[in-house]
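Read the structure below first, then the notes.
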Amino acid sequence: MSVDNDIVNQSGNRPLADILRTGASRRNVLAGGLGAAAASFFAPSALASGISSANTYRGRSSRLMEFTPVSVAEGTGPMPAVAAEYEYDTLIPWGTPLQPGGPEYTGDPNTRPTAAEQAEQVGIGHDGMWLFPVRDKQGKPSNRGGMLAINHEFGRNSHVLGKDAPESMEDVRLSQHAHGVCCIAIANWRGKWKAIGSKNNRRIHVNTPVAFSGPVAGSELLDTKAGNPTLGTVNNCSSGYTPWGTYVTCEENFNGYFGATNEKTTWVATEEQARYGFSDGGFGYGWENFDKRFDLSDPDYQNEENRFGWCVEIDPFDPTQTPVKRTAMGRFKHEGAEFVVGKDDRIVAYMGDDQRFDYMYKFVSADSYKSMLKRGVSPLDEGSLYVARFDDDQTGEWLELTIDNPVLAARFSSQAEILTYARIAGDLLGATPMDRPEWATVGNKEVVYIAMTNNSRREVADAANPLAPNADGHIIRFRDSAKHTGTDFAWEIFIIAESTHGTEDTFSDPDGLWADDDGRLFIETDGGQKDGLNNQLMVADVVSGELRRLLTGVTSDEITGFTITPNQKTAFVNTQHPGNGDPSRTNFPAEVDGVTIPRDCTIVLRRKDGRKVGL
Ligand code: FEO
Ligand code: CA
Ligand code: CA
Ligand code: CA
C-alpha cells in the first residue's frame, strides 16, 4: 500500500542528523560513494567483490540473467509484459471459488459477490504468499502442486463494493470477507497451473476466530468491556514461512479500518493510538458505522485495536487450526517476516514497520527452534525482539525491547505493554527512523536485503537514508554478527532507485524482495515509475549491481508477492489493485473490453525453455 502514509513518529529520533557533515552529499550517494566505503567494511567477506560498483553498474554481462529485459516502451498499458524468453499465465483472480462449483465472481460490473459468497472465494488485494509443496512419490517436495497461502491485503470500497462507502452491515461484511488470507490448493495440470478442490482450502478473514499466544496473550490490553471474542486478521501485507511448515501473515495498515462515530463518546486519540496512526475517519472503509468493533469511540470496544498489528501463524495443511497471533514478535505495521535459521538453530525473523520514519525489527527465538518444538513450545512465543539503529560508520546495533532495560521499565509496566506499543519502545531506545521499511529477504552468504520504498517527507538525510527527500527509495543490505543472532551488524546501501533513472534499468519504489542462492535479487515495485512504466519485477545481480526488467504489470497496479517452486522453474507474483479497480484503465486478467472489473490475481511466470526463473 503506498497511500495513507502519514508521519506518526514524533519521537524526534534523529541520531544520524549530523551525517550530512560526513560528506554523504546527494552526488556522492548517487555515484556510489557509500558503496565504496562499505567495501572495506565487509571485506574480506564474500560481499567485497564488486560491491563498490553496485550503485552505478551500467553494463550487460551478467551470466545470472540471460533474458532480454522488457523495454520501457513495452512496459506500459493494460496488459502485463514479460521478457521475450518467458511466458505467463494467470491464477486465482479475486472471486475464484474456494472449491470447484462454488460461487464465482468474474468481474461483472453490474454486480458484486454477496458477503456470504465472498467468504467462499479468493479475496482481493493479493500480496505476500508462499507455496507449500506437497510431497511427491519419492517423498520430495513436489514441483507440480501444493498449498498456496496468500494474503489479501486490501480492496477499496469502490473496487469491492462498487461504491465509496458501505450502506449496510452486508456491505461491511463483504468488504471484511474480501480481506484476510486464503489457503488454496494449486496444481500443474498438463502445463497449466490451476486452483483445485481440497479439504485444506480455507478463507481466513476479518471475522474468523483467532487465538493469541506469547507474552501479550491474557493481558488486559487485549480485553474489551464487551467481552467479544478475538476475531480476524486485516491488511495482510507480506508474510513469511517457517522451517516447520507454517505460514506467517503480517498485519500492516490495520489502523485504517478503525474510525470514530462519536455517538457514545467523543473520541480523542491516546498517545498510543496516535503513535499507531488511528484517526476519526480511518482510510474511509466506514466499517465503524455498522460494526461497533471498529468504532474507536465506543467504550465497550476499547482495546479492540490492540488485537491487530501482529504476525499471525497459519497451518496451510490444517483447515481446523485456529490462526495464532504471535505477540512476542511485537505490534507495529508489519510489512513482512523473513525467517532464517540462525546460530544454534535459533529462528530469526527480519521485519519492517512500513511507515515514514519507522523502524526495522528482528525477532530471535530463545532457543533452538527444533528443541522448542520438541518441548511443545512455539519458537515464535519465546524470544527477543530488537529494533535497529543504523550508525553513520556503516555499523549498526540491534536494541532489545525488554522490560529489563531501565529506560523501558520507566515507561512500561510489563513486557506485554512493550510489545503492544513496540513503536514507542523503539522511540525510547533511539532506533533509526527509516524511509518506510518494506520487505526483507536473506540472500546467499547471510546477507539481508531490506527495501526502503520512499519518503517524500524526509528533510534531513542520514547515512542509511541518504536522500532528503527520498522520492523513489533505496535498498540496504547488511550482515548480522553470530549468524543472524548477534546484536551488531555491518550495512551498506545496495542501490538507490534514483540512480537508475534516465536509463533502460529505471525503477522506483522498491517493495517486495526475494533473493535466490545464486546471487540474484528480485525487486518488486509499488509506486509511480518513470517514463510511464507500469510497476515491475526487476532482477539484480547482487555482485555487479546489474539490473534487468523481467516483468511489468498493468496500468495502476502494484507488483507484489513472490513464491517459487522448489526447482525454481516457476515463479508466482501478484498484480494488486490492477487499474485501481477502474475498468477504463485495464480489465486484467480479462482481455481489454473497457467494462469488466479488473481483478487482483497471481501471475505464473516461467522460462519457455524450462530453465530457472531469473536466468
Ligand atoms: Fe503493504 Fe508496505 O506494503
Ligand atoms: Ca508499498
Ligand atoms: Ca499494496
Ligand atoms: Ca508492500
Side-chain angles (χ1 to χ4, degrees), residues 1-9 123-130 150-156 178-181 233-240 248-257 276-277 283 285 308-312 332-338 350-361 423 433-441 449-457 470-476 497 507-514 522-529 534-538 553 556-563 573-578 580 600 602:
M1 183 179 281
S2 58
V3 292
D4 302 306
N5 206 279
D6 295 330
I7 300 169
V8 293
N9 185 352
I124 202 169
H126 294 36
D127 207 319
M129 61 182 163
W130 197 252
I150 180 167
N151 287 352
H152 298 301
E153 186 187 35
F154 77 98
R156 300 263 168 217
H179 286 74
V181 176
T233 183
V234 77
N235 208 267
N236 305 80
C237 183
S238 184
S239 54
V248 175
T249 183
C250 301
E251 298 177 332
E252 191 190 16
N253 288 295
F254 57 96
N255 59 314
Y257 298 86
Y276 283 81
F283 295 171
Y285 285 94
F308 294 89
W310 303 101
C311 291
V312 192
F332 43 92
K333 294 192 183 180
H334 279 279
E335 177 74 18
E338 170 74 351
Y350 293 100
M351 306 178 285
D353 179 354
D354 178 12
Q355 186 122 32
R356 293 187 181 109
F357 304 111
D358 264 292
Y359 308 134
M360 274 304 300
Y361 295 81
R423 281 183 164 185
M434 308 299 287
D435 287 346
R436 298 188 53 199
E438 303 242 33
W439 291 41
T441 188
Y449 295 80
I450 51 176
M452 300 299 132
T453 200
N454 57 55
N455 186 348
S456 55
R457 307 254 193 101
N470 182 5
D472 299 296
H474 61 289
I475 297 172
I476 298 172
F507 80 97
S508 302
D509 314 298
D511 187 338
L513 296 179
W514 186 73
F522 294 74
I523 304 166
E524 297 173 322
T525 70
D526 169 24
Q529 305 299 293
N534 292 331
N535 275 296
Q536 44 185 331
L537 171 65
M538 305 293 289
S556 308
D557 75 350
E558 161 185 349
I559 297 297
T560 186
F562 193 97
T563 188
V573 300
N574 292 319
T575 170
Q576 192 189 65
H577 54 76
N580 279 325
D600 299 58
T602 299

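Counting starts at 1 for both ligands and their atoms, in listed order.
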Taking N, O or S atoms only and a limit of 3.0 Å, check whether [X] reaches the Ca ion (ligand 2).
| X | result |
| --- | --- |
| E558 | no |
| D511 | yes |
| E438 | yes |

(request) List the steps and the verdict of side-chain hydrogen bond (donor to acceptor under 3.5 Å, both in side chains) for N454 and D509. (result) CA-CA 6 Å; N454 57 55; D509 314 298; 2.9 Å; yes
(request) Please list, chain by chain and in numerical order, all residues satisfying salt bridge (charged side-chain N to carboxylate O under 4.0 Å, His left out) with D358, sequence neighbours excluded. (result) R275, R423
(request) Please name all residues satisfying salt bridge (charged side-chain N to carboxylate O under 4.0 Å, His left out) with E251, sequence neighbours left out, ordered by chain then number. (result) K325
(message) Does any part of the side chain of N580, heavy atoms only, come nearer than 4.5 Å to the side chain of S556, both counted from C-beta?
(response) yes
(message) The test is salt bridge (Lys or Arg N to Asp or Glu O under 4.0 Å); show your working for R436 and D354 and say whether it passes.
(response) CA-CA 5 Å; R436 298 188 53 199; D354 178 12; 2.8 Å; yes
(message) Any N/O/S atom, side chain or main chain, of E252 closer to atom 1 (Fe) of ligand 1 than 2.8 Å?
(response) yes
(request) Could you tell me whether atom 1 (Fe) of ligand 1 has an N, O or S atom of E153 under 2.8 Å away? (result) yes
(request) Mind listing the closest non-hydrogen atom pair of Y276 and N255 along with its distance? (result) O-CB, 3.3 Å
(request) Please name the atom of E335, restricted to N, O or S, that is closest to the Ca ion (ligand 4). (result) OE2
(request) Would you mind naming the N, O or S atom of D526 nearest to the Ca ion (ligand 2)? (result) OD2
